[in-house]
Amino acid sequence: MKKLVLMFFLIGVLLLCGGCSESSGDAFDFSSVEPKDINPWTYVQDTSISVDPTLRGVAASASELGITIGIIGIVFSIFYMIIRIFFTKSAQAKEEIKREAVLKGLIGIMLFSIPFWLGLFKYFSELLV
């Protein structure tokens, strides 16, 4: 019964929202807008967004946050595996945990080496130019 009432409520809300958009015009009607240029590569080649120092700072902060969260996750994962190894009695389970630790370590090295290699290639490409 609750699901039926919730479904009718959501349908009603969607119908009311649909009625509101008709009076103010369709938000997704771009038929009256002429594009400046038909070629989509024109907008991709525009680099004015990437030059903005505020956006570059936000992107740098976001990448540092992602790397920090990833490193914290890997460290906690390794600590959790060490605790599991200490409290596990079975030798087979310990070997499985060790294989999992090696696999996670390799994945971590691969993921976190990508920014290093990209930075290194960018550095050498700037030296060549």
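Worth saying up front: this structure is predicted, and the values here are computed from it rather than measured.
Grouping Ile, Leu, Val, Met, Phe, Trp and Tyr residues whose side-chain heavy atoms lie under 4.5 Å apart, directly or via other members, places I69 in a hydrophobic cluster with L65.
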Enumerate, atom names and distances included, each donor-acceptor pair closer than 3.5 Å involving a side-chain atom of residues 99-110, sequence neighbours excluded.
{"residue": "E100", "atom": "OE2", "partner": "K104", "partner atom": "NZ", "Å": "3.4"}
{"residue": "K104", "atom": "NZ", "partner": "S77", "partner atom": "OG", "Å": "3.1"}

Hey, can you pull the donor-acceptor pairs under 3.5 Å for the side chains in residues 114-129, sequence neighbours left out?
{"residue": "K122", "atom": "NZ", "partner": "E126", "partner atom": "OE2", "Å": "3.1"}
{"residue": "S125", "atom": "OG", "partner": "F121", "partner atom": "O", "Å": "3.2"}
{"residue": "S125", "atom": "OG", "partner": "K122", "partner atom": "O", "Å": "2.8"}

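Remark: V75 engages I71, F79 in a side-chain contact (heavy atoms from CB on, under 4.5 Å) (not counting sequence neighbours). In this structure, the side-chain contact (heavy atoms from CB on, under 4.5 Å) partners of I97, at least two apart in sequence or on a different chain, are M81, R84, I85, T88.
Residues in residues 106-115 take part in no salt bridge (Lys or Arg N to Asp or Glu O under 4.0 Å) pair, two or more places apart or across chains.
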